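Every value quoted in this text rests on a predicted model; they were computed, and no experiment measured them. Note: hydrogens, waters and symmetry copies are ignored here, and every other heavy atom, side chains too, is used.
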Amino acid sequence: SIIFHIAKITDYENARMTGSYKHISLHKEGFIHCSRHFQVCEVADLLFKGQPDLILLAIDEAKCRQKIKYEGPSWNTFPHIYGELNLD
């Protein structure tokens, strides 16, 4: 299935030059925060409201080379990518 990550355009452009995407949360928490399709708007409104220059990355779980875990309360788990995100 497809999961989503909200990123700054400059961070994504940097990732295109290096070949993989590394969000600051990977270093701080050990994973990259993502959302399922029905969670994206809530996350955007809560954490990114009014921020310019954002991009929504659509990630095919089957192509992600890193481990993805769904974590959080049982009624609202979020996908977390445990490692750098490959761009292919």
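One finds the CD atom of Glu84 at 11.0 Å from the SG atom of Cys64 (value rounded to the nearest 0.5 Å). Taking CG of Leu46 as the start and SG of Cys41 as the end, the distance is 12.5 Å to the nearest 0.5 Å. Atom CD1 in Ile2 sits 9.0 Å away from atom CD1 in Ile59 (nearest 0.5 Å). Interatomic distance, CG of Leu85 versus CD1 of Ile68, reported as 8.5 Å (0.5 Å rounding). The CD atom of Gln51 sits 6.5 Å away from atom NZ of Lys8, with the distance rounded to the nearest 0.5 Å.
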Stepwise side chain to side chain contact (heavy atoms under 4.5 Å, CB included) test for Glu61 and Lys63: CA-CA 5 Å; Glu61 288 186 85; Lys63 292 183 178 181; over 6 Å; no
Worked check of side chain to side chain contact (heavy atoms under 4.5 Å, CB included) between Leu87 and Arg16: CA-CA 7 Å; Leu87 299 184; Arg16 289 181 59 183; 4.1 Å; yes
Derivation of the side chain to side chain contact (heavy atoms under 4.5 Å, CB included) call for Leu56 and Leu54: CA-CA 7 Å; Leu56 183 63; Leu54 298 174; over 6 Å; no
Val43/Phe78 under side chain to side chain contact (heavy atoms under 4.5 Å, CB included): CA gap, chis, key distance, verdict: CA-CA 11 Å; Val43 169; Phe78 286 84; 3.8 Å; yes
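When the shell of 6.0 Å around NZ of Lys22 is examined, it contains more than 12 heavy atoms from other residues, nucleotides or ligands. With a 6.0 Å radius and a threshold of 12 heavy atoms from other residues, nucleotides or ligands, Glu42 has its CD atom at or below the threshold. When the shell of 6.0 Å around CD1 of Ile24 is examined, it contains 12 or fewer heavy atoms from other residues, nucleotides or ligands.
Side-chain atoms of Ser35 and Val40, non-hydrogen and from C-beta on, do get closer than 4.5 Å to each other.
Side-chain contact, Thr77 with Arg36: a donor N or O sits under 3.5 Å from an acceptor N or O. For the 3.5 Å distance criterion, the side chains of Gln39 and Asn76 qualify, holding a donor opposite an acceptor.
Between His5 and His33, a ring centre-to-centre spacing not shorter than 6.0 Å is recorded.
Following chains of ILVMFWY side-chain contacts shorter than 4.5 Å, one can reach Ile3 starting from Tyr12, so the two form part of one hydrophobic cluster. In the hydrophobic cluster analysis, where Ile, Leu, Val, Met, Phe, Trp and Tyr join through side-chain heavy atoms closer than 4.5 angstrom, Phe4 is grouped apart from Tyr70.
At distances below 3.5 Å, at least one donor-acceptor pair connects side-chain atoms of Ser25 with backbone N or O atoms of Phe31.
Between Tyr21 and His23, the ring planes lie tilted relative to each other; the angle falls in the 30° to 60° range.
A salt bridge between Arg65 and Asp88 is present, with a side-chain N of the basic residue lying under 4.0 Å from a carboxylate O of the acidic one.
In terms of heavy atoms, Leu57 sits closest to Ala7 at CD1-CB, 4.3 Å. Nearest heavy-atom pair across Ile81 and Cys34 is CD1-SG, 3.6 Å.
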